[in-house]
2 protein chains.
Amino acid sequence: MTVAKGVAVTTVLVVDDEPQIVRALRINLTARGYDVRTAHDGAAALRAAAESKPDVVVLDLGLPDIDGAEVIEGLRGWTTVPIIVLSARGDSGDKVRALDAGADDYVTKPFGMDELLARLRAAVRRGATSAAPAEEAVVEAESFTVDLAAKKVRRDGAEVHLTPTEWGILELLVRNRGKLVPQKQVLHEVWGPAYAGETHYLRVYLAQLRRKLEPRPSRPRHLITEPGMGYRFEL
Amino acid sequence: MTVAKGVAVTTVLVVDDEPQIVRALRINLTARGYDVRTAHDGAAALRAAAESKPDVVVLDLGLPDIDGAEVIEGLRGWTTVPIIVLSARGDSGDKVRALDAGADDYVTKPFGMDELLARLRAAVRRGATSAAPAEEAVVEAESFTVDLAAKKVRRDGAEVHLTPTEWGILELLVRNRGKLVPQKQVLHEVWGPAYAGETHYLRVYLAQLRRKLEPRPSRPRHLITEPGMGYRFEL
DNA sequence: TCAGGGCGTCAAAGTGGCGTCAGGGCCGCA
DNA sequence: TGCGGCCCTGACGCCACTTTGACGCCCTGA
């Protein structure tokens, strides 16, 4: 899902060369809060998919340029995004080919909008559960490990308890491991936009984190201060 | 997939009360190398699913005992196994209900065997990629056990009665065992989107759960509060 | 050599979250 | 109509976390 301002918006790519179908889908999907992108032929569909990273694709088989099965294969080469095939041809050979090429569902025209929407929800639901695990959830430093998914920190096997603020800082730095994170960014993301000047907070909390995590808190090896600039997490 | 001697065998659970349908499916699926299990009513289906851990379920909606949507919900309570619904009724209301209850696909009788097999392959393919690390239906903590399929909790052999709200919280935490679940997520998933600020509810209900489940409710070992962040279930 | 800014450290408030208990309202069931 | 289970609400004490202030160090530039 595309995430904007903390709200997950589902993006749907509609691929069809019949304007009235595209129009009907756009109206219905937009009304239900989906972000709708469209493409009118196979080449445009592949481009649009690569670009807008949709959460689900609705694909008509009768495209002017490329055969539908090839579009499916083109997508399946690099993404597991759910694909719902629309087709006027109801014969079973087409269905079998499309599904075996990698489509997730097959709906015959004319279709009921209710049914299509329900199948769309089902496809998105599946996509959401299977997609996730991308990012590596557990990061290992020399003297401690950070589990970003479980929000746990372990040191010498024992779990270390962090307060919400401590965790917020550590998470931010670990997600940007190796990179310098400016003071302003830390303050902004952990405390909020109104705290850009409270650099003293950072000194206090970084000291606390080092005391809890560093083998030698006064000679930090992982939670590095870059004077005047910001902080950096090193493995 | 069930793995035996290095060879992956796909297990299909067929649920239908019409013997000739079951027979036709058994013959066709077995011929293609699937391991076929069958059930003739909803109760048996839920039992068989918990027992044989199928890779895909083919479910007829017109069962003699339980409504089809309830069977789907019963399965979805603890597993993400793909479910393909078969139904004689082609009307769109049924389709929408079944799909929204958690079905993955919907095929209207009479169906072509080719098409059903293609949809089955598509469902299995998806299931294989998403294949979460085989979630267990029954989770054992030190002092109690949670049966996600049966929605039951046992402590010292005796069943513990939970209210719907208590169960909702426990289920959510157990499904995310080890992971921290933010307060907002608990409120959102148990009470609904409008209750994001009612953190007091959580304190009351967590106390109730601890009183019922923890050996030492004031020193919880399994239902852990992470102050300011959320809750965590530990085995 | 001195002044100043940035940083680390320690300790002392204060305050907000948490656990707990008890009461009240609602709804389904007898 | 009464009863019991369940959900919600309010009050209160406690503790952990956040915030704040004071102080000394180091480095840099004047």
Side-chain angles (χ1 to χ4, degrees), chain A residues 151 153 159-173 180-192 194-233, chain B residues 151 153 159-173 180-192 194-233:
Chain A
K151 294 203 195 300
V153 181
E159 191 169 324
V160 179
H161 176 73
L162 297 187
T163 72
T165 308
E166 288 163 0
W167 173 259
I169 296 168
L170 182 65
E171 181 178 27
L172 178 60
L173 295 180
L180 175 87
V181 182
Q183 295 175 339
K184 293 217 169 188
Q185 186 183 344
V186 181
L187 287 165
H188 187 272
E189 296 200 18
V190 176
W191 275 270
Y195 292 76
E198 307 287 343
T199 60
H200 187 49
Y201 292 1
L202 295 176
R203 291 200 284 283
V204 174
Y205 277 94
L206 263 292
Q208 272 172 14
L209 277 173
R210 288 179 184 129
R211 205 174 328 122
K212 289 184 177 181
L213 301 177
E214 294 273 6
R216 185 76 190 82
S218 57
R219 297 267 163 229
R221 274 156 65 184
H222 305 106
L223 299 164
I224 315 291
T225 299
E226 301 281 358
M229 312 193 54
Y231 298 90
R232 178 201 309 281
F233 173 78
Chain B
K151 294 198 189 297
V153 182
E159 187 172 327
V160 179
H161 174 72
L162 296 186
T163 71
T165 308
E166 288 164 0
W167 173 259
I169 297 169
L170 183 64
E171 180 180 30
L172 178 60
L173 294 180
L180 186 140
V181 183
Q183 296 172 341
K184 293 215 171 185
Q185 187 182 343
V186 181
L187 288 165
H188 183 89
E189 298 200 17
V190 177
W191 276 269
Y195 293 76
E198 306 288 341
T199 59
H200 189 50
Y201 293 4
L202 295 176
R203 291 200 284 282
V204 174
Y205 276 93
L206 263 292
Q208 273 172 13
L209 278 173
R210 287 181 183 127
R211 208 173 322 125
K212 289 183 177 181
L213 301 178
E214 293 273 6
R216 184 80 190 80
S218 57
R219 296 264 163 232
R221 275 156 65 184
H222 306 106
L223 299 165
I224 314 290
T225 298
E226 298 282 357
M229 302 201 279
Y231 297 90
R232 182 200 305 281
F233 173 79

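Residue numbers begin at 1 in each chain, while the letters A, B, ... track the order of the sequences. When reading the values below, keep in mind they use all heavy atoms of this one structure, side chains included, and skip hydrogens, waters and symmetry mates. From a predicted model like this one, the values you see are computed outputs, not experimental measurements.
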Open item on the list: Please report the distance, rounded to the nearest Å, between CG in Leu206(B) and C1' in dC7(D).
Closed with: 16 Å
Task: Which residue lies more 5' along DNA chain D, comparing Glu198(A) with His161(A) via nearest heavy atoms - done: His161(A)
Open item on the list: Is there a side-chain contact (heavy atoms from CB on, under 4.5 Å) between His222(B) and Leu173(B)? Walk through the geometry before answering.
Closed with: CA-CA 10 Å; His222(B) 306 106; Leu173(B) 294 180; over 6 Å; no
Task: Heavy-atom closest contact (Pro217(B) atom, Pro220(B) atom, distance) - done: O-CD, 3.7 Å
TODO: Indicate yes or no: at least one non-hydrogen side-chain atom of Trp167(A) is less than 4.5 angstrom from one of Val153(A).
DONE: yes
- [ ] Quick one: do Glu198(B) and Trp191(B) satisfy side-chain contact (heavy atoms from CB on, under 4.5 Å)? Show the steps, please.
- [x] CA-CA 9 Å; Glu198(B) 306 288 341; Trp191(B) 276 269; over 6 Å; no
TODO: With heavy atoms under 4.0 Å as the rule, sort Gln183(A) into base, sugar-phosphate or nothing.
DONE: sugar-phosphate
Open item on the list: Could you tell me how far apart Tyr195(A) (OH) and dT18(D) (P) are, to the nearest whole angstrom?
Closed with: 12 Å
Task: Contact check, side chains of Leu180(B) and Ile224(B), non-hydrogen atoms, under 4.5 Å - done: no
Task: By side chain to side chain contact (heavy atoms under 4.5 Å, CB included) - contacts of Lys184(A) (at least two apart) - done: none
Open item on the list: Just N and O in the side chain of Thr165(B): are any of them under 4.0 Å from OP1 or OP2 of dC7(D)?
Closed with: yes
TODO: Pick base, sugar-phosphate or nothing for Glu166(B), based on heavy-atom distances below 4.0 Å to the nucleic acid.
DONE: nothing
Task: All ring-ring contact (aromatic ring centres under 6.0 Å, His included) counterparts of Tyr231(B), not counting sequence neighbours - done: none
Open item on the list: Are the side chains of Arg210(A) and Thr225(A) in contact, using a 4.5 Å heavy-atom criterion?
Closed with: yes
Task: Under-4.0 Å side-chain N/O to phosphate OP1/OP2 contact, Tyr205(B) with dC6(D) - done: no
TODO: With the side chain counted from C-beta on, respond yes when Pro227(B) and His161(A) share a heavy-atom pair under 4.5 Å apart, and no when they do not.
DONE: yes
- [ ] Using five pairs at either end of the helix from dT1(C)-dA30(D) to dA30(C)-dT1(D), determine the angle between the two local helix axes and round it to 10 degrees.
- [x] 30°
- [ ] Starting from P on dG24(D), measure out to CZ on Arg203(A) and report it in whole angstrom.
- [x] 16 Å
- [ ] Just call it for Thr199(B): base, sugar-phosphate, or nothing, with non-hydrogen atoms closer than 4.0 Å on any strand.
- [x] nothing
- [ ] Starting from P on dT18(D), measure out to CH2 on Trp167(A) and report it in whole angstrom.
- [x] 14 Å
Open item on the list: Below the 4.0 Å mark, does dT19(D) have OP1 or OP2 next to a side-chain nitrogen or oxygen of Trp191(A)?
Closed with: yes
- [ ] Send over the distance from Leu209(A) CG to dC17(D) P, rounded to a whole Å.
- [x] 13 Å
Task: Parallel, tilted or perpendicular: rings of Tyr195(B) and Tyr201(B) (30°, 60°) - done: tilted
- [ ] Take Ile169(A) and Leu223(A) through the side-chain contact (heavy atoms from CB on, under 4.5 Å) test and state the conclusion after the steps.
- [x] CA-CA 10 Å; Ile169(A) 296 168; Leu223(A) 299 164; over 6 Å; no
Open item on the list: For Glu226(A), give me all partners under salt bridge (charged side-chain N to carboxylate O under 4.0 Å, His left out), at least two apart in sequence or on another chain.
Closed with: Arg232(A)
Please write out each protein N/O paired with an N/O of nucleotides 10-13 of chain D under 3.5 Å, distance rounded to 0.1 Å.
from, atom 1, to, atom 2, distance (Å)
dG10(D), N7, His200(B), NE2, 3.3
dG10(D), O6, His200(B), NE2, 3.0

Task: Opening and closing nucleotides of DNA chain C in contact with chain A, under 4.0 Å to non-hydrogen atoms - done: dG6(C) to dT9(C)
- [ ] Using atom OH of Tyr201(B) as one end and atom P of dC6(D) as the other, report the distance to the nearest whole Å.
- [x] 18 Å
